[in-house]
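Numbers for residues simply follow the sequence, beginning at 1. What you see is a predicted model; the values in this text were computed from it and never measured.
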Amino acid sequence: MDTFPELLVIDEVSELTRIPVATLRYWRHQGTGPKAARLGGRLVYKKADVIGWVNQAFESAA
């Protein structure tokens with residue numbers, strides 16, 4: 001049985017990463033930033049994808 005991923009709304013991603021909501025929206029428009037999807041009309045992010053995106057930023061900065 002598949003496990004359901006933990007989902008975050010954009011305000012929670014902003015709080016977790018300390019990146020302003022407006023910046024996250026802009027990056028989504030540009031095709032950068034963590035992956036997001038619309039479910040039931042609401043923009044959501046997989047927490048694992050957000051964490052992976054942050055980790056990747058640190059790996060590429062090294």
Side-chain angles (χ1 to χ4, degrees):
M1 182 175 177
D2 291 332
T3 59
F4 195 80
E6 185 175 353
L7 301 176
L8 304 171
V9 294
I10 196 165
D11 291 331
E12 293 169 321
V13 174
S14 175
E15 185 177 326
L16 183 67
T17 61
R18 298 182 183 193
I19 297 169
V21 169
T23 302
L24 291 168
R25 286 187 177 135
Y26 178 72
W27 286 347
R28 183 169 185 272
H29 176 75
Q30 294 295 316
T32 60
K35 290 191 285 184
R38 288 216 178 266
L39 294 177
R42 193 152 202 199
L43 186 65
V44 294
Y45 297 78
K46 288 184 189 176
K47 187 174 184 177
D49 287 346
V50 174
I51 292 169
W53 176 76
V54 169
N55 288 335
Q56 184 180 15
F58 276 93
E59 290 171 8
S60 65

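Taking both residues in full, the closest heavy atoms of Lys35 and Asp49 are given as CE-OD2, 3.7 Å, listed atom of the first, atom of the second, then distance.
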Audit row: Ile10, Arg28, side chain to side chain contact (heavy atoms under 4.5 Å, CB included) steps and yes/no: CA-CA 11 Å; Ile10 196 165; Arg28 183 169 185 272; over 6 Å; no
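With a 6.0 Å radius and a threshold of 12 heavy atoms from other residues, nucleotides or ligands, Arg38 has its CZ atom above the threshold.
Distance CZ/Arg25 to CD1/Ile19: 14.0 Å, rounded to 0.5 Å. A distance of 8.5 Å separates CG in Leu7 from NZ in Lys46, rounded to the nearest 0.5 Å. Residue Thr17 holds its OG1 atom at 9.0 Å from OH of Tyr45, rounded to the nearest 0.5 Å. A distance of 6.5 Å separates CH2 of Trp27 from CG of Leu24, quoted to the nearest 0.5 Å.
Follow the hydrophobic side-chain contacts under 4.5 Å out from Tyr26 and you reach Leu8 in the same cluster. By the criterion of side-chain heavy atoms lying less than 4.5 angstrom apart, applied directly or through intervening Ile, Leu, Val, Met, Phe, Trp or Tyr residues, Val21 is grouped together with Val13 in one hydrophobic cluster.
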